[in-house]
Structure formats: C-alpha cells, structure tokens
Participant: 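One structure follows; several queries about it will come next.
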Number of protein chains: 2
Amino acid sequence: MRRLILDAALHLFRTKGYEGVNMRNIAEAIEYSAATLYLYYKDKNELYFALQFEAAAAKRDHLLPAMEVLDPMERLVEFGRRYIDFGFKHPDLYDLLFITKAPMEHIENQECWALGIATHTFFVETVQACIDQRYFKSTDAATIAYTLWCHAHGLVSLFIRERMRMYPEDQRQALAAKSFEMIIKMAESL
Amino acid sequence: MRRLILDAALHLFRTKGYEGVNMRNIAEAIEYSAATLYLYYKDKNELYFALQFEAAAAKRDHLLPAMEVLDPMERLVEFGRRYIDFGFKHPDLYDLLFITKAPMEHIENQECWALGIATHTFFVETVQACIDQRYFKSTDAATIAYTLWCHAHGLVSLFIRERMRMYPEDQRQALAAKSFEMIIKMAESL
DNA sequence: AAATTTACTGAACATTGTTTAGTAAACAAC
DNA sequence: GTTGTTTACTAAACAATGTTCAGTAAATTT
C-alpha cells in the first residue's frame with residue numbers, strides 16, 4: 001500500500017511539479033480517499049521523507065556508473081558530470097533533495113539521510129584518493145569536496161530556480177557546461 | 001499606504017520567515033483588513049515582487065562598499081565576500097532573491113529585475129577588468145563570473161536550506177570561509 | 001454467533017489566497 | 001442643501017488544502 005501511494009505521489013510529483021500535488025490529488029490517483037493516506041503516513045512530512053528517499057535512490061542509481069571509474073580523478077569528474085546531469089534531467093527530484101524548504105529537523109533519523117550521507121562520503125573519499133595520488137597539492141579533502149559541491153549545486157539550483165534569465169534560454173546549458181569545464185581546470189591547480 | 005504594507009510585510013518576513021507570513025498576518029500588523037491589501041497589490045505575487053525589490057535594494061546597499069574598491073581583483077574578492085556575507089546575515093532576503101520558487105515568469109518587467117541585472121553587470125565588468133589587467137589568462141569573462149557566482153550561490157544556499165547537516169553546526173561557517181579562500185586561490189590560476 | 005480488529009471513508013474543521021457586495025465618508029454639481 | 005460620484009475600506013463568503021473524527025463494513029478471532 002505504501003508502495004502504491006509512493007509511486008502515485010512520485011509520478012504526480014514528476015509530472016505536475018511539487019506545488020501541483022496535494023493529498024487529495026494523490027488519493028484520487030490511487031482511487032482512495034485522502035484520509036486513507038493518513039493511515040500509512042502520519043502527515044505530509046512523513047510522505048515527504050519517503051519521497052526524498054525515492055529521490056535519493058534515483059540519484060544514487062544515476063551516479064552509480066561514475067563510482068565504478070577506476071582512476072580517482074576521472075571518477076571525480078564523471079561524478080560531477082553525472083551529479084549535474086541528474087539535476088538537469090530530474091529538477092523535481094533534485095529540488096526535493098537539495099532545495100525544498102521542508103522539515104529538515106530530525107532528517108538525521110530518516111532513511112533518506114543515510115543514503116545521502118553514503119553518497120557524500122563516497123565523494124569525499126574520491127577527493128581523498130585524488131590527493132593520495134598527487135592529483136592535488138592541497139591535502140584538505142573536506143574543503144575541496146565541499147568547494148566542488150558548492151559549485152555544482154549552485155550551477156544546478158540557479159538553473160532550476162530560474163535565476164539565469166539574464167542569459168538567453170538556449171545558451172544556459174552551454175554556459176553551465178563551460179563552467180563545469182572551467183571548475184575542473186581550476187581544480188587541477190589545487 | 002504601499003510603504004506601510006511593504007514595511008509590515010518585510011518586517012514579518014524577516015522575523016517569522018517566508019512561510020509564516022500570509023495576507024491576513026500583514027493586514028493585521030497594520031490594522032487593516034486583508035481585503036485592503038488587494039486594493040494596493042493585485043495579488044500575492046505583486047506583493048512578492050515588491051518585496052523582492054526591497055531585498056534587491058538591501059543587497060545592493062550591502063555590496064556597495066565593495067564596488068568602490070579600486071583594484072579590480074580586490075574588488076572581486078570583496079564583492080564575493082560581501083555577497084556571501086549578505087546571504088548568511090539575511091537568509092530570508094537571500095532566499096527571496098535567489099531561491100524561492102515563485103512567479104519568475106515576466107519578472108523581466110519588474111523593477112526588482114533591473115536592480116539585480118545592474119549588480120550582475122557590475123560583477124561581470126569587474127571580472128572583465130581583472131582580465132584586462134592580466135589577473136586571469138582566460139578571457140571568458142562571462143564564464144568566469146558565472147563560475148564564481150555558482151560557487152557563492154551554492155555555498156549560501158546549501159547553508160540556508162540546511163543541507164550541511166553532515167558538518168557539525170559550529171563548523172559550517174568556518175568551512176564556508178575556507179571554501180571561499182580556496183575558490184579565490186583556484187581563480188588565480190585562471 | 002459474538003467480539004474484536006482491520007481497512008476505509010464522508011464529513012467536517014482550520015488555514016490561507018481571493019472575490020464580492022456593500023458601507024460610509026468625502027467631495028462635486030446643480 | 002440635496003443628489004450623485006468617487007474614495008477607502010470591510011465583513012462575509014468561496015475555494016483549495018492539510019488534517020481529524022466518527023462511523024461503517026468486512027475480515028478475523030474467540
């Protein structure tokens with residue numbers, strides 16, 4: 001039943017966007033009453049956390065191929081490329097994971113958090129592997145990882161939240177791509 | 001009257017956060033009925049745009065001292081520092097300007113847009129000035145500016161939207177500061 | 001057969017954005 | 001000075017949405 005609710009919610013979510021979905025919508029889609037949803041999820045927040053878990057799983061799956069690249073520097077680049085690609089291809093899921101102002105209190109107790117942490121840890125470890133293999137002179141893996149993440153997240157979220165209107169629509173993706181190339185070049189000087 | 005409404009709205013906004021404010025709230029604060037607000041603003045969107053203008057003005061004022069630095073590279077660094085500082089000090093305003101999912105359609109017609117564009121143009125021109133004075137080898141001012149913006153925005157927005165929970169709360173600001181230093185160092189290799 | 005548990009729902013409530021119909025005061029025109 | 005018009009405002013209602021509650025009916029247990 002939870003599966004049924006989640007699938008319907010996620011589908012609505014991805015087609016109609018976050019705003020366009022409400023409890024009655026979801027209930028309707030699975031031909032139950034809205035009250036039924038509250039039997040399986042305490043409130044909208046709990047449903048939100050469950051959706052976040054789905055999104056985190058989708059993201060992990062999207063990043064998976066990058067994790068298998070052997071050379072740490074190539075892996076890092078591919079990881080970044082795929083992270084950004086995920087954001088552009090699934091703006092609703094990305095939004096859910098990294099932008100939505102939602103009950104972030106106690107998210108540490110949610111299973112979606114563990115998934116996100118695992119991915120983040122893998123990312124930092126990849127940076128550390130680059131350091132170990134002398135790709136970087138700096139040895140501050142945490143700050144390097146965070147700096148790269150800031151760039152990627154800024155890039156995706158400015159795009160998703162429509163703050164690139166000063167650039168013609170058909171040039172935004174290209175600019176993002178150029179910026180990604182640039183940050184890689186910059187990182188090589190670290 | 002618009003002044004009265006805006007001041008009340010902005011004040012509520014900054015104390016109770018974006019979510020915690022509604023038309024009735026604002027009306028109450030100035031001791032009028034909610035319907036009155038609709039005499040001065042067509043709908044919540046128009047009020048939103050007006051608030052965005054206030055936020056844009058506050059941001060410009062916050063950045064103003066940086067604009068007066070003579071050396072373009074120092075100016076660029078100070079600009080970045082103050083941009084980030086603004087985001088940390090006024091998360092609600094920053095949110096309003098760069099994160100809130102709100103009616104971005106037709107924002108080009110709003111006065112707040114002009115203000116934002118002016119600041120952005122100044123930023124790109126500063127990068128261009130750095131190029132002209134051989135601070136960078138790269139000559140792509142647009143991409144450099146955008147890349148730096150992505151980093152700063154990512155940094156601020158991950159913080160504001162509580163996506164840094166994997167770092168202890170008392171270390172987040174320090175990490176952000178270190179990352180800012182790092183991106184400057186990286187930029188010097190451009 | 002009776003009691004209890006499980007699964008579900010219609011109706012209601014609270015909150016919030018928005019509209020409508022109307023009031024009352026100020027002002028204008030004759 | 002009465003009448004019409006404009007201005008400033010509001011109470012009440014409507015619609016959408018999150019949430020709760022009382023109740024029903026089938027399944028299961030005793």
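Every chain is numbered from 1, with letters handed out A, B, ... down the list of sequences.
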Participant: Could you check how far NZ of A:Lys44 sits from P of D:dT19, rounded to whole Å?
Facilitator: 8 Å
Participant: Parallel, tilted or perpendicular: which describes the rings of B:Phe98 and B:Trp149, with under 30° parallel and over 60° perpendicular?
Facilitator: perpendicular
Participant: Apply side chain to side chain donor-acceptor pair (under 3.5 Å) to residues B:Asp140 and B:Tyr146 and explain how you reach the verdict.
Facilitator: CA-CA 10 Å; B:Asp140 189 350; B:Tyr146 174 66; over 6 Å; no
Participant: Measuring centre to centre across the rings, with the benzene-like ring taken for any Trp, is B:His90 within less than 6.0 Å of B:Phe86?
Facilitator: yes
Participant: Are B:Arg2 and B:Tyr41 in a cation-pi contact, defined as NZ or CZ under 6.0 Å from the six-membered ring centre and within 45° of the axis?
Facilitator: yes
Participant: What is the distance, to the nearest angstrom, from the CE atom on A:Met23 to the P atom on D:dG18?
Facilitator: 6 Å
Participant: Which is the 5'-most and which the 3'-most nucleotide of DNA chain C that has an atom under 4.0 Å from a heavy atom of chain A?
Facilitator: C:dC8 to C:dA12
Participant: Contacts to DNA chain D from residues 24-41 of chain A, heavy-atom cutoff under 4.0 Å, which residues?
Facilitator: A:Arg24, A:Ala35, A:Tyr38
Participant: Determine whether the aromatic ring centres of residues A:Tyr48 and A:Phe13 are separated by less than 6.0 angstrom.
Facilitator: no
Participant: I need the minimum non-hydrogen distance between B:Arg163 and A:Asp95, along with the two atoms involved.
Facilitator: NH2-O, 4.4 Å
Participant: Working to the nearest 0.5 Å, report the span between CD of B:Glu68 and CD of B:Glu78.
Facilitator: 11.0 Å
Participant: With A:Glu54 as reference, evaluate A:Arg3, A:Arg60, A:Lys59 under the salt bridge (Lys or Arg N to Asp or Glu O under 4.0 Å) test and give the passing residue.
Facilitator: A:Arg3
